4 protein chains.
Amino acid sequence: MTWREELREQRRARILDAAATVFARRGYQRATMKEIATEAGIAPGTIYLYFANKRDLLLGIADQLITRPVDRQLADVASLSAEDYVAAILRERIRFARQNQPFLQALVTEIWTDQELRVRFFSQVIGPLLGTGARYLQERVAEGKLRPCRIEVVVPAVAGSIVILAAMRALLPNGVLPKLSDDELVDELTRLYLYGLSTGP
Amino acid sequence: MTWREELREQRRARILDAAATVFARRGYQRATMKEIATEAGIAPGTIYLYFANKRDLLLGIADQLITRPVDRQLADVASLSAEDYVAAILRERIRFARQNQPFLQALVTEIWTDQELRVRFFSQVIGPLLGTGARYLQERVAEGKLRPCRIEVVVPAVAGSIVILAAMRALLPNGVLPKLSDDELVDELTRLYLYGLSTGP
Amino acid sequence: MTWREELREQRRARILDAAATVFARRGYQRATMKEIATEAGIAPGTIYLYFANKRDLLLGIADQLITRPVDRQLADVASLSAEDYVAAILRERIRFARQNQPFLQALVTEIWTDQELRVRFFSQVIGPLLGTGARYLQERVAEGKLRPCRIEVVVPAVAGSIVILAAMRALLPNGVLPKLSDDELVDELTRLYLYGLSTGP
Amino acid sequence: MTWREELREQRRARILDAAATVFARRGYQRATMKEIATEAGIAPGTIYLYFANKRDLLLGIADQLITRPVDRQLADVASLSAEDYVAAILRERIRFARQNQPFLQALVTEIWTDQELRVRFFSQVIGPLLGTGARYLQERVAEGKLRPCRIEVVVPAVAGSIVILAAMRALLPNGVLPKLSDDELVDELTRLYLYGLSTGP
DNA sequence: GATGAATGAGTGTTCATTCAT
DNA sequence: CATGAATGAACACTCATTCAT
């Protein structure tokens, strides 16, 4: 990449960060291009040198979230015990949610009303996430390490748990929720999803 | 309540229904007072005789969602087996989500950015829902019917599963998700949350 | 027409007049909706209750110019002498140009670049004007009162004379052009187009 | 002129040509400096090394149109017959319109609203054109070759014919107007303006 | 001299809200 | 009480112009 292209890419990323921050703060509709520009430290018109329009910013944020590195990382843990394995998945998901929090929150207000954004988000983020989950679950079941189950229910259920727990942490004022370390959270969920709530065998 | 007040209350409810429908369809920001008025079969100006402004409609929708009937219903099932009991909770939550779908979807876009709305929603809807869940879980654990666990993790996790599954059903185009009856869904979740995914005892 | 519709029609006409005035003064592109609103004595937003957008104002002005009454008026003069007849045509054209001067001038800046406006203008204004001219010329030639000629050249030529003379009067600062009454102008043009410039028979 | 100045003059002319082309295509207001720069094969900023601003380009185009060569050419035909003489004038005007079509069309949208441009255009283009026409007409009348007439009416009338015929050719889609060679056009106009439309002597 | 990225003032349009009828 | 025409503040986007490289 030439020096010129690199600078351009940096500027673009900077604008995208600013947009995610403002979208997360105000929601997509209430966010103004002026506020995004201020957040990025540039003039409003400059944004349009990098993005066609406001909505293109939103789609750019969605594109940023492509979940490639997940598969590679999880591949390393294929030989772990069931406990460690489920815990690894959960930990990875929590990390992803935390790292991309402003980007995810920037999208969430428009996901419900914007068809194209929803399709992109599902095909680029949710789909791959559920996909890897489903694939590994299937393999473990085939190996006999986990019991047979309806994957199309279990995988979204597990994912949903994390999403809601992450959302509650992000949205609720501090102190409402009891503080819990990530490890404790992961432990508890691992136990829940491996052994359930029934009283022993 | 006088005859006058009753009529007024009916009109108010009618407007609130219309607002929920339009908010669910377009999202709060894109919804126009004109469209809401048309949906309610009245003139735009009339809305302001019942609500102070657009946002007041949203808060009114949140107030509408108070989760009263839940407790009563669940009280009747206190003597059931663990399976039937968990299934009953899940079934009740699904019913609630389906019945109030436009109201819930109307709120969802603004929950993330509107502090007051969020507080109202959590204190009136989410809080009570989690509260009843927590209370019953606690009682069952005390009775020895379920194992001890971190309630503040388990209850949101279960609730989150349902929310995400409901959201996916509502948002994704038909055919993407395998069709599943409510009973099958409830069965699978009951099994998951009672016995987990591990292979046998 | 009901009282409501009449009021609406009046308002619409008032806005159209204001738009024509401002377009004539500034040209279509430089004219702002705010200035048009001020000229009409209303708020900017009100314009949009009567016209979809700025361009719709321009098309509305073009529609205003439909040249229906011309035929009827000229029909009365079918029995006149050649002199009186040509003079009548010329006088009618000058009257039309003068009466609709702001409307015509409002259109002229955009005619050159706006395909649809051009088509409307030609089919509704220029076409009919040239059409009646051509028809009467043809009849007079058939009657032997005027000599055979290429109508598609002569009619636009005559029309063009009037347009340019009207434009020069409208655009040039007073005093540059020698003052000339309409009658003198019509006399001179009649002589020109009936007998030409050659020195007698 | 030094080598430096010559190069600069060439560059200036190149920009002026590009500007005329783009102004003719889009109209002055819709034309962007970027498009003009692209048309000229340079960067937008470079234009400002040769012209103070966008409007200066327009004035530059008007200045380009000075009608010098006309007089010289017509001087050679002073001894022709009336027919040939009028035909020569007409032919020269048509040639001028055709040769400078983009330049003329570039000016036309702004002539109506820009006082200074209008003055320049009239003093440098229209004025001289009408002036030569008037002078020669006067001389011919003095010689007794043409009849006495109001020159301030006849000359603009003749000029207007050509302008309108040229504009109709330029603006209307092909096929609407019957095709006519320049010679046929000139013949017909010559006949019209020398002998008029009346039947016989 | 030439470049083209950055600027920011300016505009068409929307829509929540008001108020005369 | 109900209406809906009128309002005008707010905002996305454009583009002439500047200036650091």
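Throughout, a chain's letter reflects where its sequence line sits, starting with A, and its residues are numbered from 1. Remember, it's a predicted structure, so these values are computed and weren't measured experimentally.
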**Message:** Evaluate D/E110 against D/R118 for salt bridge (charged side-chain N to carboxylate O under 4.0 Å, His left out), listing each step before the verdict.
**Reply:** CA-CA 8 Å; D/E110 291 301 296; D/R118 194 157 62 222; over 6 Å; no
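- Atom CG in C/D56 sits about 15 Å away from atom P in E/dG12, given to the nearest Å.
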Each base of DNA chain F marked ( ) or [ ] if paired in-strand (Watson-Crick or G-U under 3.5 Å), | if paired to another strand and . if unpaired gives .||||||||||||||||||||
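- As rounded to whole Å, 14 Å separates atom C1' of F/dA2 from atom CZ of B/R14.
- Residues that satisfy the side-chain contact (heavy atoms from CB on, under 4.5 Å) test with B/L7, not counting sequence neighbours, are absent from this structure.
- C/F51 comes within 4.0 angstrom of nothing in the nucleic acid, heavy atoms only.
- Rounded to a whole Å, the CZ atom of A/R26 is 15 Å from the C1' atom of F/dC11.
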Open item on the list: side chain to side chain contact (heavy atoms under 4.5 Å, CB included) for D/R11 and D/L49? Distances and angles first, verdict last.
Closed with: CA-CA 10 Å; D/R11 192 79 115 165; D/L49 300 175; over 6 Å; no
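- Remark: D/K54 is positioned above the aromatic ring of D/Y28, its terminal NZ or CZ atom under 6.0 angstrom from the ring centre and at most 45 degrees off the axis.
- Remark on DNA chain F: of its neighbouring residues B/G41 and C/L49, the 5'-side contact belongs to B/G41, judged by nearest-heavy-atom nucleotide.
- Salt bridge status for A/R14 with A/E39: absent, with no side-chain N to carboxylate O gap under 4.0 Å.
- Side-chain contact annotation: D/Q10 with D/E6, donor-acceptor N/O pair under 3.5 Å absent.
- Counting non-hydrogen atoms under 4.0 angstrom, D/R11 reaches the backbone sugars and phosphates but no base.
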Stepwise salt bridge (charged side-chain N to carboxylate O under 4.0 Å, His left out) check, D/E5 with D/R8: CA-CA 5 Å; D/E5 283 170 329; D/R8 188 176 168 79; over 6 Å; no
- [ ] Could you check B/E116 against B/L59 for side chain to side chain contact (heavy atoms under 4.5 Å, CB included), going step by step and ending with a plain yes or no?
- [x] CA-CA 9 Å; B/E116 185 185 352; B/L59 297 178; 3.9 Å; yes
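- Remark: C1' of F/dG4 and CD of B/E35 are 17 Å apart, rounded to the nearest angstrom.
- Taking a 4.0 Å limit (strictly below) on heavy-atom distances, residues 111-121 of chain C does not reach DNA chain E anywhere.
- Atom pair C/R12:CZ and F/dA6:P shows a separation of 14 Å (rounding to whole Å applied).
- D/I36 has its CD1 atom 16 Å from the C1' atom of E/dG4, to the nearest Å.
- The shortest side-chain heavy-atom distance between A/Y50 and A/L57 does not fall under the 4.5 Å cut-off.
- With contacts defined as side-chain heavy-atom distances shorter than 4.5 Å, the pair A/L107/A/F23 does not qualify.
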Each nucleotide of nucleotides 16-21 of chain E classed B (base within 4.0 Å of a protein heavy atom), S (only sugar-phosphate) or -, in 5' to 3' order, makes SBB---
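- We find that CD of D/E5 is positioned 16 Å from C1' of E/dG1, with the value rounded to whole Å.
- Looking at heavy-atom distances under 4.0 Å, B/R4 makes contact with sugar-phosphate atoms alone, never a base.
- Separating the OH atom of C/Y50 from the P atom of F/dG4 is a distance of 14 Å, rounded to the nearest angstrom.
- Here A/D114 pairs with A/R55 under the salt bridge (charged side-chain N to carboxylate O under 4.0 Å, His left out) rule; sequence neighbours left out.
- Counting non-hydrogen atoms under 4.0 angstrom, B/I42 reaches the backbone sugars and phosphates but no base.
- When each of A/T46 and D/R8 is assigned the nucleotide of DNA chain E with its nearest heavy atom, D/R8 is the one assigned upstream, toward the 5' end.
- A/A37 meets the side-chain contact (heavy atoms from CB on, under 4.5 Å) test with A/I42, A/P44, A/I47; sequence neighbours excluded.
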